[in-house]
Amino acid sequence: MLITRTPDPDALPAHRGSDVPGRPCVPGPLGALRKWVAGHSIAVDACFAAGLLAFAAVHLLREHPHHPVLVWALQIGLFLPLVWRRRAALAVFALVVGVAFAQWLTGVLVPAGDFALLIALYTVAAQASLRHMLQAAAVVEVGVALATGQWAPPGDQIRMFVLLSGMTTAAAVMGLNVRNRRDRLASLEDRAARLERERDQQAQIAVAAERARIAREMHDIVTHSLSVMVALADGASYAIPASPEQAADAIGKASHVGRQALGEMQRLLGVLRGEVSETAPELADDLTANGAAERHPQPGLRQLDDLLTQVRAAGLPTELKVVGEPPPLQPGAQLAIYRVVQEALTNTRKHGGPGTTARVCLSYGERAIDVEITDDGRGRPGPQPDGHGITGMRERAALYGGEVQAGPLPTAGWRVRARFGPAVRVGAA
């Protein structure tokens, strides 16, 4: 049982429907009525009090012809505070109890006053805390005992006391039921609101993750492919006067690299249109283009030889060493390893300087896969701050429980070392 004070049930927002599980749906007419009552609570309670007063007025003058002024004063004093019962339940209850006690002192019996006390008690039970409700019920019970002792016919006191106590209990229980129902509705409202916020947060996280993935893919594809194409184009321009055949071969290789990069870009955008549209429609709209993009397979370990061929053609001698037998790897893990090698070699080409050579070593172990790319370049004599490429490599490795370390070698050159955990294997959780 909840004992905290909550807003008036009439003030609860009405919903015609909701797509969130747990949110209550209130029919249109009932919701509109509750909304109107919540905005005109004083007017509604004033009409209610006036109706009770009119109902009781029929018996006033007939039963109390000698004290009309006192009877009317007591009657109005009992029902008038009910106009503000939703605004100040405890204060209204105290006023009604005070007038009822004055009625007992004067000995003037106003039967309709019982309804005012019960309504005030019901309001306290529906709005105030459980402690206040118990105190109010105890006060009413004292009044029941006083009224029974003064006005009950001889021999009928017990029956009258039980009857009035039952009415008191019923009023308190009805108020508690209304409050519990309101609390449940408020709890459902809060849960629905939290579910909506969590859903929005998950959508934003998905958008951020997709954008980060796009940024990594774009960076790796564009920087590597453009750097290779520029190197081949420069070599071709120098070779045209002396060796047109070598120049034509370099231009052909640059064209092949460009087509390969374009195919990867088309594959990336085509896949993301289908995936991002479900979690991030606004991001998918940014990727929309005329026609469906051709979907190409993602590069993996089998494409490492082609990658090294491109790097060598661009002027960076590179050696590949493989230790152990490669286990079945997830396609995403193969792509991550491929991109780490690609980015490391691209950085070597950009910063290693002339005459640099590189070495790629893949070591397949039972628990981990180590990828090490080293060079003997002298273009990076000391530590350098991480760029977007190293950050992307670390993010890729982290997706599969791995890590990346990058830094200068003790003598000269640079080393990038990535370790991937068991999550890269097919069937890993």
Side-chain angles (χ1 to χ4, degrees), residues 205-206 208-225 260 264 267-268 271-272 275 296-311 316 318-351 358-375 383-409 413-429:
I205 292 174
E210 291 295 339
R211 286 175 175 165
R213 187 163 75 91
I214 294 171
R216 290 194 297 266
E217 292 291 324
M218 294 292 187
H219 176 274
D220 293 341
I221 295 172
V222 172
T223 55
H224 170 76
S225 301
Q260 187 179 24
E264 289 195 51
R267 187 266 313 162
L268 174 65
V271 171
L272 289 178
E275 294 180 354
H296 300 271
Q298 293 180 336
L301 297 182
R302 294 182 178 180
Q303 284 72 39
L304 277 180
D305 290 335
D306 295 337
L307 173 64
L308 298 184
T309 300
Q310 295 178 6
V311 173
L316 177 62
T318 305
E319 176 189 355
L320 175 63
K321 180 182 179 181
V322 179
V323 178
E325 290 294 329
L329 300 178
Q330 300 184 35
Q334 295 191 39
L335 176 63
I337 296 173
Y338 179 91
R339 294 300 188 202
V340 168
V341 175
Q342 183 185 56
E343 177 61 26
L345 293 178
T346 300
N347 289 338
T348 297
R349 283 202 62 264
K350 292 165 59 178
H351 306 291
R359 185 170 183 266
V360 178
C361 180
L362 292 179
S363 179
Y364 300 104
E366 294 183 0
R367 298 291 300 172
I369 297 177
D370 292 323
V371 184
E372 186 176 79
I373 304 95
T374 57
D375 64 67
Q384 292 185 352
D386 291 349
H388 295 290
I390 295 179
T391 301
M393 286 190 286
R394 287 175 174 157
E395 290 175 350
R396 290 183 186 278
L399 291 176
Y400 296 94
E403 59 181 2
V404 173
Q405 297 177 351
L409 293 171
W414 194 266
R415 179 178 66 181
V416 174
R417 189 170 186 269
R419 166 163 286 194
F420 295 85
V424 299
R425 297 174 181 267
V426 173

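When a residue number appears, it is its place in the shown sequence, counting from 1. All heavy atoms count here, side chains included; hydrogens, waters and symmetry mates do not.
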Could you go through the side chain to side chain contact (heavy atoms under 4.5 Å, CB included) check for Val340 and Phe420 one step at a time? CA-CA 11 Å; Val340 168; Phe420 295 85; 4.2 Å; yes

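- Rounded to the nearest 0.5 Å, atoms CG (Leu308) and CG (Leu316) are 9.5 Å apart.
- Between the NZ atom in Lys321 and the CD atom in Glu372 there is a gap of 10.0 Å [rounded to 0.5 Å].
- Here the closest heavy-atom approach between residue Met393 and residue Ala344 is recorded as SD-N, 4.3 Å.
- Ile373 is not listed as a side-chain neighbour of Thr318, based on a closest heavy-atom distance of 4.5 Å or more.
- At a threshold of 4.5 Å between non-hydrogen side-chain atoms, the residues Leu362 and Ile337 count as touching.
- Between Val416 and Ile390, every side-chain heavy-atom pair lies at or beyond the 4.5 Å cut-off.
- Separating the OG1 atom in Thr374 from the CZ atom in Arg417 is a distance of 12.0 Å, to the nearest 0.5 Å.
- Atoms SG and CZ, from Cys361 and Arg415 in turn, are 11.5 Å apart once rounded to the nearest 0.5 Å.
- Put simply, the side chain of Thr348 does not reach to within 4.5 Å of the side chain of Trp414, judged on heavy atoms.
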Please report the C-alpha distance between Asp375 and Asn347 in whole Å, then the side-chain angles of each, then the deciding distance to 0.1 Å, and finally whether the side chain to side chain contact (heavy atoms under 4.5 Å, CB included) criterion is met. CA-CA 10 Å; Asp375 64 67; Asn347 289 338; over 6 Å; no

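- Within the model, atoms NE2 of His351 and OG1 of Thr346 stand 10.0 Å from one another, a figure rounded to the nearest 0.5 Å.
- Counting only heavy atoms from C-beta outward, the side chains of Pro299 and Arg339 approach each other to under 4.5 Å.
- Listed for the Gln334 side chain is a donor-acceptor partner under 3.5 Å among the backbone atoms of Leu301.
- Checking side-chain atoms of Gln342 against main-chain N and O of Leu307 turns up no donor-acceptor pair under 3.5 Å.
- Across every non-hydrogen atom of Glu325 and Tyr364, the tightest pair is O-CB, 3.5 Å.
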